[in-house]
2 protein chains.
Amino acid sequence: MAQSDTVTRILDTAEVLFAERGFAETSLRNITSKARVNLAAVNYHFGSKKALIQAVFARYLDPFSQRFHEALDELHARYGDDEIPLEVLLETMATTVLTVPAERNSLKVFMRLLGLAYSQAQGHLRRYIHEQYGDVFTRFVELVRRATPGLPDAERFWRLHFMLGTVIFTLSGLDALRDIAAKEYNEQVSVRDLVRRLRPVVVSAMNAPLPPALEEAHHDHAHSG
Amino acid sequence: MAQSDTVTRILDTAEVLFAERGFAETSLRNITSKARVNLAAVNYHFGSKKALIQAVFARYLDPFSQRFHEALDELHARYGDDEIPLEVLLETMATTVLTVPAERNSLKVFMRLLGLAYSQAQGHLRRYIHEQYGDVFTRFVELVRRATPGLPDAERFWRLHFMLGTVIFTLSGLDALRDIAAKEYNEQVSVRDLVRRLRPVVVSAMNAPLPPALEEAHHDHAHSG
DNA sequence: CCTCCAGAAAAACGAGTGTTTAAAACATCG
DNA sequence: CGATGTTTTAAACACTCGTTTTTCTGGAGG
C-alpha cells in the first residue's frame, strides 16, 4: 500500500471515537495512540484537526450524496413527470441511508456523527455539510413538494425538519434507547426494526391535518422571548 | 444580598455560554470573565465544572418537575379515574415546558441545553437527568399509556422518543431554522407558532397505524452491524 | 555510491485547561 | 474594638491540548 494505510487507520479510529465521545472530547493523542500511529501524522496528512473531522464526514457523505442522486435518477426514469408518492420517496432515502454505511462500518456511527454535527456549537459543521451536500437535499425536497401538494411550503419545511429530528435523535441515541427497550420490554431492536417502526409514524406526521390558522399574527410578544 | 449574587451571575452567564457553544467548548475563564467574577468562584461555590453544569440544569428542571407534578395533580383531580385524552396530556406538557423558562430567560436556552444533554458524550448528563427527574416522566408515560390503549407498550415507548426527538431537535436548533424559514418563506415564527404546528403532527404520529409485524425476527444479521 | 525526498518518529512549543493554595477583604456578632 | 467565619482575589500548579520543528528511516533514480 503505497498511499499508506496510515490515513485509513486514522479515519477508522477517529470516526469511532468522535461518535462515542464527541469532537472536543476526543484528542488527537486519543486517536493516534489507539490507531497505533504517530501523533504528527494527523497534521501531516490532514493539516488540522478540523480538516480531519471534515474528512471523516466526507467519507460517509460523498458516497451517500452520489448514491442518492443515482436513486433519484432512477425514480425520475421510472415515474417520468408523474408525481412520486411520498412513501416511495421516504423509502428511497431510507434505503440509501442504510446502504452507505452498511458497506463499511455501522449505521450507528454515521447517525451519531450527523447528530453531533447538528447539535454542534455555532453549527460550523452544519454549514459545511449544507454547503457541500445541500443540492441533493434540495432536489429531494422539491420531489416531496410535488408529492404533498396540499401542504403549504412553510408547513412542509417545518414538518420535514420535525422528521429529521425524529430520525437523527433516535438513531444517534440508539444505544441508550436500545438498552432501555431491551430491559423494559425485553425485545431486541435492530436498525431495520426501527426503520419499520419509523415508516408509518413519519408518513402520518407528514400527512397530519393542518394546524388552525394564526388568529391574529403575533399581536402580543409577551412571552415569545 | 448576603447569599452573594456571584452564584446567580455565574449561573446566568454559564447557561447562555453553554447553550451557545457547548460544555467542553466553554471554559471557566470564559464564564467568570464575562460574569465579572473571580475564576476561583466557580470551584468555591460549586465545587467543579461538572457540578456547575448540573446546577445549571437543576435551575430549570427543579421548577419544571415541580410544576409538571402539580399540573398532573390538577388533571387527576379534574378527570378522576377517567382516561385523560392524549391531546390534553400533550397540551399540559407543552404548557409546562413553556411556562418555566418564560419566567426567567428564554425557552431557547432551556431547549438547547436539553438537546446538548442528550447528544452529549457517554450520556452522563442524560443519566443524571433521568435519575433526578425520571419519576415525573414515568408518571406522564403511564397517563399516556392509558390514553393510547391500542398501542403496544414497546410501540408507545418508541413513538414517545420519536416525538421527543422532534421537539428537542427542532427547538434546540431553532435559531438556524428560524433564519432559513424567514429567508425562504419570509415568515416570522415564534415559539408559540411552532408549538401550534407541532401539535397536529405529534398527535398524528402517536396515532399512526401500527407497522406490519416482523415477518421472521432477525434471521439474517447481514447488515445490522 | 550518493542524492533525494515522502513518510514516520520523537521531541519540544506555547497556549489554554480545571483546580488548588494562600493571602486579603469583608461582614457578623459577642 | 477584636475575633470569627465567609467570600473574594491573585497567583501558582500540574496537566492536556493542537501544532510545529527536527531528526531519522528507507526505498527510488541518476
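To find a chain, count down the sequence lines: A is the first, B the second, and so on, and within it residues start at 1.
- Where A:Asn30 and A:Tyr44 meet DNA chain D, the nucleotide closest to each residue was compared, and A:Asn30 sits on the side nearer the 5' end.
- Distance from the side chain of A:Ala40 is smallest for C:dA10 among the nucleotides C:dG18, C:dA10, D:dT9.
- Within the structure, every side-chain polar atom (N or O) of A:Thr6 is placed at least 4.0 Å from both OP1 and OP2 of C:dG7.
- Side-chain nitrogen and oxygen atoms of B:His45 include at least one within less than 4.0 Å of the OP1 or OP2 phosphate oxygen of D:dT8.
- No close placement of the B:Phe169 and A:Phe169 rings is indicated, their centers lying 6.0 Å or farther apart.
- Side-chain contact, A:Thr148 with A:Arg156: a donor N or O sits under 3.5 Å from an acceptor N or O.
- Atom-to-atom, CD1 of B:Ile31 to P of C:dG16 comes out at 17 Å; the value is rounded to the nearest Å.
- Of the side-chain N and O atoms in A:Asn43, none sit less than 4.0 angstrom from OP1 or OP2 of D:dG18.
- Spacing between atom CG of B:Asn38 and atom P of D:dT9 amounts to 6 Å, rounded to whole angstrom units.
- Ring centers of A:His124 and A:Tyr128: at least 6.0 Å apart, outside the cut-off.
- In this structure, the CD1 atom of B:Ile10 is 12 Å from the P atom of D:dT7, given to the nearest Å.
- To the nearest angstrom, C1' of C:dT19 lies 14 Å from CG of B:Leu52.
- If you check distances only, the side chain of A:Arg29 does reach the base of D:dG18 with a donor-acceptor pair under 3.5 Å.
- The closest donor-acceptor contact from the side chain of A:Lys34 to the backbone of A:Ala14 lies at 3.5 Å or more, if one exists at all.
- Dashed line: the shortest gap from a side-chain N or O of A:Ser27 to OP1 or OP2 of D:dC17 is under 4.0 Å.
- Of the possible polar contacts, none joining the B:Thr170 side chain to the B:Val167 backbone as a donor-acceptor pair under 3.5 Å is found.
- Spacing between atom CG of B:Leu28 and atom P of D:dC15 amounts to 19 Å, rounded to whole angstrom units.
- For B:Leu39, counting side-chain heavy atoms from C-beta on, the closest listed nucleotide (C:dA9, D:dA12, D:dG18) is D:dA12.
- No contact: B:Thr32 has no heavy atom under 4.0 Å from any strand.
- Side chain of B:Ser48, nearest nucleotide from C:dA10, D:dG18, C:dT19: C:dT19.
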